[in-house]
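Reckoned from all heavy atoms, side chains included, excluding hydrogens, waters and symmetry mates. None of these values were measured; they are calculated from a predicted model. Numbers restart at 1 for each chain; the letters A, B, ... are given by sequence-line order, proteins then strands.
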Amino acid sequence: MEPFTYKPASDHGLTESQRVQSVHREPGLVGVLGRRLACAAINVYFALYHRLRISGRGNIPTELPFVMVANHESHLDALILAAAVPRALRHRVYPVAAADAFFTNYRSAALTTLFVNALPIHRKKVPARALADLRHKLLDEPCGMILFPEGARTRDGALMRFKPGIGMLVAGTRVKVVPCWIEGAFEALGADAKVPKPKRLTLNIGPALVFEGVPDEREGWERVAWEIRMAVEGLGVSPQS
Amino acid sequence: MNYRTHFLDFENAFASPVTLWITVGIGVALVLAPLVALGLGALGKLTAATRRDVLVRSATWAVIAPAVIGPILLGRGPTVLMVAAVSLWCYGEYARATGVFRDRVLSALVAMAIVALAFASADNYYRMFVATTPITMAALAAAAVLRDTPAGYIQRVALSAMGFLLLGSGLGHLGLVTTDAKYRPLLCVLILCVQINDIFAYCCGKAFGRRHLFPRTSPNKTLGGHLGALVLTAPLAAWLLGIVLDGTPAGSVVHCIVMGVVISVGGQIGDLVLGSIKRDVGIKDMSATLPGHGGVLDRFNSMMLVAPAVYHYVAAVNGPFVGPEHVLLRLFRL
């Protein structure tokens, strides 16, 4: 008989407030049920209020790990991408969100965890270590992630430079990177808006990219970021039917 | 029958003097413990770290005690709900510590079984309570097959079955006690004696503990602590049970002493059972829910063996606990 091997929850030993702010968070039965209910409510919202249209859904891998990346126009973006993920994988796909915006206190972190399933990343301190933690989680758990490599929402609707952090996550691995283009989110909830407008949203999902042969170093990270940006931009220029 | 008074009869909360004594005693202890710690700290008898530890533990007790005693004083309904909530929480901690929580179907089955036990207790439906265990075992064994993953099958089924038996069925017997008319003082005696047993073991171990009985399972526990807890807890429990069960066969001196020993020894073994689980998994506490204590299961571990042992001892001597059957079913006209 095989010896029993125990693998406690990766967030074992953390208090509830530490747990919701940790990248090691691992949902249980209650967490998954809560997420499914939240996802159902969000899908209804997008369908009725924004008439969300998704094309290229078949490009999303059916197995983990993978990373979805897109242009960043509004606070709706992570929810839009999460809405495209197959239901069976939804609780294992984590949008990466700015800790200084969404994880400033327990209530905000708990709501972000419930509705967005987000993981925090500190933009202003120790990004290298934070990205190493995310890379371990991506590969070891394994899980899916949603990232916006621009690092901030666009102020004028134009696509900005992609930061090399995305390369630090996937360079030299077989992790699939799925480029996506979000259309309409800037008009629905731009960076300066407080309340979403009932604008139509469109999500174009492109074929996955793999960067297994790219060296896991500064030059490789920059190359990964550039190639992904080209793929994302291409979806915006000629959206899939 | 009056369903309101059956499930919620706080008017009779202190019908037994034992319930009143224990409630007042716990209240006094909650006030005195931090004051004593502060006083000893001011006199230099306690280190700053120990004083802080006592204050944190006392603060946590100030939340736990009302959360547990309050529902018992309110009535059967709140008591059964509180027991079910504790069982579910403890199973959740156990499942996350052992990793079996990742099989959500099995965890959902255990959660449903705990709810079924709570229903059986509230409905005074003993046959359902008994039947829930074998049905749950069969359901766990069958459901684990559905993944078509033989690797780890025994581990998944064994871990979830053990979790249900100890934390669902074992702790669930606290809810079953509510089917007896004297459930309040009985539960108060069980809870007080099991918790004070831990405190006696700690104090006696500190005072004259030398030899370690289970150094690999629980390196801080000593023979002196074990014996001291037994010598102090068993007579206290026997005395209180003698008052509660007075006028029944189980209220005799011999039976009360036996039950006192069962409470003390069962409580300490329950503690060691959880200690073994934690050592095997490689963790210190089941969670960080209760500051100064660890997890909820770290606080209720001593109860998981004591509750069924005492319930069945009293039932064996006095005859089955009797009361109006199918209370809930009749209430909802089912």
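- Taking a 6.0 Å sphere around CZ of Phe46(A), one finds it holds more than 12 heavy atoms contributed by other residues, nucleotides or ligands.
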Would you check, one step at a time, whether the test side-chain contact (heavy atoms from CB on, under 4.5 Å) holds for Ile154(B) with Phe4(A)? CA-CA 9 Å; Ile154(B) 297 174; Phe4(A) 282 17; 4.2 Å; yes

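- Counting heavy-atom pairs under 4.5 Å between each of Ala288(B), Ser287(B), Pro291(B), Gly282(B) and chain A puts Ala288(B) at the top.
- By the neighbour-count criterion of 12 heavy atoms within 6.0 Å, atom NZ of Lys176(A) is sparsely surrounded, having that number or fewer from other residues, nucleotides or ligands.
- Heavy-atom distances place no part of Thr289(B) under 4.5 Å from chain A, backbone and side chain included.
- Chain A is approached within less than 4.5 Å, heavy atom to heavy atom, by no residue from residues 144-152 of chain B.
- Residue Leu14(A) touches chain B through its backbone alone, counting heavy-atom pairs closer than 4.5 Å.
- Environment of NZ in Lys278(B): crowded, with over 12 heavy atoms of neighbouring residues, nucleotides or ligands closer than 6.0 Å.
- Heavy atoms closer than 4.5 Å to chain B are found nowhere in Val30(A), neither backbone nor side chain.
- Minimum interatomic distance between His12(A) and Asp285(B) (heavy atoms only, all atoms of both residues): NE2-O, 2.9 Å.
- Neither the backbone nor the side chain of Ser17(A) has a heavy atom closer than 4.5 Å to any heavy atom of chain B.
- For Glu26(A), the parts lying near chain B are the backbone and the side chain together; criterion is any non-hydrogen pair under 4.5 Å.
- Note on Gln18(A), Glu16(A), Lys7(A): by heavy-atom pairs under 4.5 Å with chain B, the leading option is Lys7(A).
- Gln155(B) has its side chain within reach of Thr5(A): a pair of non-hydrogen atoms, C-beta onward, lies under 4.5 Å apart.
- Between Ile283(B) and Tyr6(A), every side-chain heavy-atom pair lies at or beyond the 4.5 Å cut-off.
- Below 4.5 Å, heavy atoms of chain A meet heavy atoms from Arg96(B), Ala97(B), Thr98(B), Gly99(B), Phe101(B), Arg102(B), all part of residues 85-103 of chain B.
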